[in-house]
Amino acid sequence: MAAKDPIKPYGEKQIAFDKRYLEMALIWARNSYCERRQVGALIVKGKMIISDGYNGTPSGFENVCEDENNVTKPYVLHAEANAITKVAKSNNSSEDSTLYVTTSPCMECAKLIIQSGIKRVVYCNRYRITDGLDLLKRAGIELVFIDPENDIYEQE
């Protein structure tokens, strides 16, 4: 039996799945009405998508994310929060699942991720503020960064 490559702790099949689910999250982000940044998220468990989300206003609100000064309104929900609350309303459990999100999570979303039992977070865009990633690392959440344009796949 050949030893696993220490740089790639996953098999090629898992890496391919991670890249495809992240591509789907990038497509899902296009549903967002936000102009400054569109973010998409998928929660996957057992190779099944159990929830999805994108950033936007709460249900029943106008689909306008920024105010007249192009500042994001304070009540806009992040994609991760939308996906986590959607799965909470369903009969599914996010325990031991993977979150695919197009931008690295903020501190508030990191807290939701930890509490929801998600064990892996796969993302492709690094946000300038890293406190959410730092908290996820502290909680033992597995982090994977993928740069599809440069074919980078790294466990953090």
Side-chain angles (χ1 to χ4, degrees), residues 4-34 36-61 65 72-148 152-156:
K4 276 191 172 179
D5 182 346
I7 297 172
K8 291 186 177 179
Y10 305 109
E12 294 299 318
K13 197 171 189 177
Q14 182 63 53
I15 292 169
F17 275 118
D18 285 346
K19 289 178 178 179
R20 285 188 193 115
Y21 283 126
L22 198 54
E23 282 179 47
M24 292 169 72
L26 285 162
I27 291 167
W28 202 244
R30 293 189 221 156
N31 288 319
S32 173
Y33 288 90
C34 296
R36 294 181 62 213
R37 178 185 304 264
Q38 294 182 318
V39 180
L42 298 176
I43 299 176
V44 176
K45 185 174 181 178
K47 294 189 176 102
M48 183 172 76
I49 298 170
I50 62 169
S51 191
D52 56 60
Y54 50 87
N55 57 326
T57 56
S59 298
F61 282 63
C65 298
T72 301
K73 293 177 180 177
Y75 53 86
V76 168
L77 290 158
H78 289 188
E80 306 95 316
N82 265 328
I84 290 168
T85 56
K86 188 186 263 187
V87 79
K89 288 169 55 174
S90 75
N91 291 326
N92 288 312
S93 167
S94 54
E95 193 74 33
D96 297 324
S97 63
T98 298
L99 172 72
Y100 295 88
V101 62
T102 58
T103 300
S104 58
C106 70
M107 176 63 82
E108 292 304 311
C109 288
K111 291 188 279 188
L112 292 173
I113 291 165
I114 294 165
Q115 288 301 100
S116 69
I118 292 169
K119 295 298 178 201
R120 294 178 75 228
V121 175
V122 180
Y123 67 98
C124 60
N125 294 306
R126 290 185 169 122
Y127 191 62
R128 60 183 168 78
I129 301 169
T130 63
D131 58 356
L133 289 176
D134 297 338
L135 185 65
L136 292 172
K137 285 178 192 172
R138 181 176 171 194
I141 306 292
E142 184 181 333
L143 300 175
V144 175
F145 170 75
I146 297 177
D147 178 348
I152 295 171
Y153 184 98
E154 58 187 34
Q155 187 177 12
E156 298 182 337

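Worth saying up front: this structure is predicted, and the values here are computed from it rather than measured. If you read the sequence from its start, that first residue is 1, and numbering goes on from there.
Under the side chain to side chain donor-acceptor pair (under 3.5 Å) criterion, Ser32 pairs with Asn55, not counting sequence neighbours. Considering only residues two or more places apart in sequence or on other chains, Phe17 meets the ring-ring contact (aromatic ring centres under 6.0 Å, His included) condition with none of them.
Expressed to the nearest 0.5 Å, how far CG of Asp18 lies from NZ of Lys13 amounts to 13.0 Å. Taking CG of Leu22 as the start and OG1 of Thr98 as the end, the distance is 11.5 Å to the nearest 0.5 Å. One finds the CD atom of Glu80 at 6.0 Å from the CG atom of Leu99 (value rounded to the nearest 0.5 Å). The distance from the OH atom of Tyr153 to the CD atom of Glu12 is 9.5 Å, given to the nearest 0.5 Å. Interatomic distance, CG of Leu42 versus CE of Met48, reported as 13.0 Å (0.5 Å rounding). The structure places CD1 of Ile50 at 5.5 Å from CD1 of Ile43, a figure rounded to the nearest 0.5 Å.
For Gly40 against Ala29, the heavy-atom pair with the smallest separation is N-CB, 3.3 Å. Between Cys65 and Val76, the shortest heavy-atom distance links the atoms O-CG2, 3.6 Å. Closest non-hydrogen pair, Trp28 versus Gly53, comes out as CD1-O, 3.3 Å. When all heavy atoms of Ala110 and Gly132 are compared, the closest pair comes out as CB-O, 3.5 Å. Of all heavy-atom pairs spanning Ser97 and Ser94, the tightest one is OG-O, 2.6 Å. The two residues Cys109 and Ala81 come nearest to each other via the heavy atoms SG-N, 4.2 Å.
Side-chain atoms of Thr102 never come within 3.5 Å of backbone atoms of Ala25 as a donor-acceptor pair (strictly under, hydrogens ignored). At distances below 3.5 Å, at least one donor-acceptor pair connects side-chain atoms of Lys45 with backbone N or O atoms of Glu95. Judged by distance alone, with hydrogens and angles left aside, the side-chain atoms of Ser51 form a donor-acceptor pair with the main-chain N or O of Ala83 at under 3.5 Å. Asn82 contributes a side-chain N or O that, together with a main-chain N or O of Tyr54, makes up a donor-acceptor pair within less than 3.5 Å.
At a threshold of 4.5 Å between non-hydrogen side-chain atoms, the residues Cys124 and Asp147 do not count as touching. In this structure, Leu136 and Pro105 have side chains that are in contact, with non-hydrogen atoms separated by less than 4.5 Å. Annotation: side chain of His78 is not in contact with side chain of Val39 (no heavy-atom distance under 4.5 Å). Side-chain atoms of Ile49 and Met24, non-hydrogen and from C-beta on, do get closer than 4.5 Å to each other. Contact check for Leu77 versus Thr85: no side-chain heavy atoms found under the 4.5 Å cut-off.
The local environment of CD in Gln115 is sparse, with at most 12 non-hydrogen atoms from other residues, nucleotides or ligands closer than 6.0 Å. Annotation for Arg126: atom CZ counts as buried by contact number, over 12 foreign heavy atoms lying within 6.0 Å.
Applying the ring pair (Phe, Tyr, Trp, His ring centres under 6.0 Å) test to residues at least two apart or on different chains, the pairs with a partner in residues 96-123 are Tyr21-Tyr100, Tyr123-Phe145.
The pair Arg20-Glu23 fails the salt-bridge criterion, with no side-chain N (NZ, NE, NH1 or NH2) lying under 4.0 Å from an Asp/Glu carboxylate O.
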Lys19 vs Ile146, test: side chain to side chain contact (heavy atoms under 4.5 Å, CB included). Steps then yes/no.
CA-CA 7 Å; Lys19 289 178 178 179; Ile146 297 177; 4.1 Å; yes

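Classification of the Phe61-Tyr75 ring pair by plane angle, with boundaries at 30° and 60°, yields tilted.
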